[in-house]
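Following: one structure in structure tokens, then a few remarks.
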Amino acid sequence: MTEQTACDLSEYLSYHYDEIHAYLSGRFGSEGFAEEIISDLLFYLWNTPMSALPQQAMQNILMLAGRLGNYRKQRQKLIRDDLQIKHYQVAASLSAFDGVALNKG
């Protein structure tokens, strides 16, 4: 039985950047978003070193990148929804304020 040595995931990600970038671009529909995910993941892996067997490294990278991408998409949606609610609240209060101002005039 041959013993395999684990590889560092940040090095693996750097080495396979083009493949991972192409996959994430297709998965999330944006090259820029894929670059952000890879940058964030590299930063995380540099600060929290992780290793995996070579045959599992790509699977681990794609799992981590997918989770990070999904989290960021959900976060963006929550922020958009929150801003939209605040927009409607401000618009409603302004229209109520305008009605009060017109009635006093």
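All heavy atoms count here, side chains included; hydrogens, waters and symmetry mates do not. It should be emphasised that the depicted structure is a prediction, and the values quoted were computed from it without experimental measurement. Start at 1 with the first residue, then count along the sequence.
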I need the [X] [atom1] to [Y] [atom2] distance, nearest 0.5 Å.
X     : Y     : atom1 : atom2 : answer
Asn47 : Leu42 : CG    : CG    : 11.0 Å
Ile61 : His16 : CD1   : NE2   : 9.5 Å
Phe33 : Gln76 : CZ    : CD    : 5.5 Å
Met50 : Asp8  : CE    : CG    : 10.0 Å

Side-chain heavy atoms nearer than 4.5 Å, only ILVMFWY residues, links allowed to pass through others: does that put [X] and [Y] together?
X     : Y     : answer
Phe28 : Met63 : no
Ile20 : Tyr15 : no
Tyr71 : Tyr44 : no
Phe43 : Leu24 : no

Task: Candidate pair Leu45 and Leu41, rule side-chain contact (heavy atoms from CB on, under 4.5 Å), full reasoning - done: CA-CA 6 Å; Leu45 290 172; Leu41 187 53; 4.1 Å; yes

TODO: Step through the shown structure and confirm whether more than 12 heavy atoms of other residues, nucleotides or ligands are within 6.0 Å of CD on Glu35.
DONE: yes

Open item on the list: If I compare all heavy atoms of Gly66 with all of Arg27, which pair ends up nearest, and what's the gap?
Closed with: CA-NH1, 3.3 Å

Task: Heavy-atom closest contact (Ile37 atom, Ala65 atom, distance) - done: CG2-O, 3.6 Å

Open item on the list: Within the 4.5 Å heavy-atom criterion, are Arg67 and Leu62 side-chain neighbours or not?
Closed with: no

- [ ] Show your working on side-chain contact (heavy atoms from CB on, under 4.5 Å) between Asp40 and Arg72 and close with a plain yes or no.
- [x] CA-CA 11 Å; Asp40 288 351; Arg72 291 194 51 176; 2.3 Å; yes

TODO: Could you walk me through whether Met58 and Leu9 pass the side-chain contact (heavy atoms from CB on, under 4.5 Å) test, one step at a time?
DONE: CA-CA 9 Å; Met58 182 64 82; Leu9 289 183; over 6 Å; no

